[in-house]
Amino acid sequence: MTTINLSWPANPASEGVLNYRLHQSINGGAFVLLTTVTSPSFEIGNPSPGVYQWKVSAVNFVGEGPLSAVASGP
């Protein structure tokens with residue numbers, strides 16, 4: 001089984017992050033919301049073949065922050 005492990009630096013506690021939103025693009029398609037998680041990591045088990053790209057944003061009581069730079073994977 002193939003696994004893709006994604007992780008990113010956690011925002012400082014002073015920013016009051018409630019969760020992170022992970023957006024995904026497959027084979028150059030549009031970015032769509034993949035999942036919302038409370039920790040700064042996510043594991044994708046047994047992905048379909050293709051070229052994947054991800055962006056992450058942090059959410060606090062004010063709203064969603066800007067999307068990160070793109071990360072790419074197999």
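Under the side chain to side chain donor-acceptor pair (under 3.5 Å) criterion, S25 pairs with no residue at all, not counting sequence neighbours. For I26, the side-chain contact (heavy atoms from CB on, under 4.5 Å) partners at least two apart in sequence or on another chain are Q24, Y52. Every side-chain contact (heavy atoms from CB on, under 4.5 Å) that V70 has, sequence neighbours left out, goes to F31, Q53, K55, S72. The side-chain contact (heavy atoms from CB on, under 4.5 Å) test applied to N27 returns V51, not counting sequence neighbours. With sequence neighbours excluded, the residues that form a side-chain contact (heavy atoms from CB on, under 4.5 Å) with S41 are S7, S39. For E15, the salt bridge (Lys or Arg N to Asp or Glu O under 4.0 Å) criterion is met by no residue, not counting sequence neighbours.
Applying the ring-ring contact (aromatic ring centres under 6.0 Å, His included) test to pairs two or more places apart or on separate chains, those with a residue in residues 4-25 are W8-Y20. Identified under the salt bridge (Lys or Arg N to Asp or Glu O under 4.0 Å) test for residues 31-40, with sequence neighbours left out: none. Residue pairs satisfying the salt bridge (Lys or Arg N to Asp or Glu O under 4.0 Å) criterion with at least one member in residues 25-42, sequence neighbours excluded, are absent. Among residue pairs with one or both ends in residues 28-42, none qualify as salt bridge (Lys or Arg N to Asp or Glu O under 4.0 Å); sequence neighbours excluded.
The closest side-chain donor-acceptor pair between E43 and T3, if any, does not fall under 3.5 angstrom.
Clustering of Ile, Leu, Val, Met, Phe, Trp and Tyr side chains at separations under 4.5 Å places F61 together with V62.
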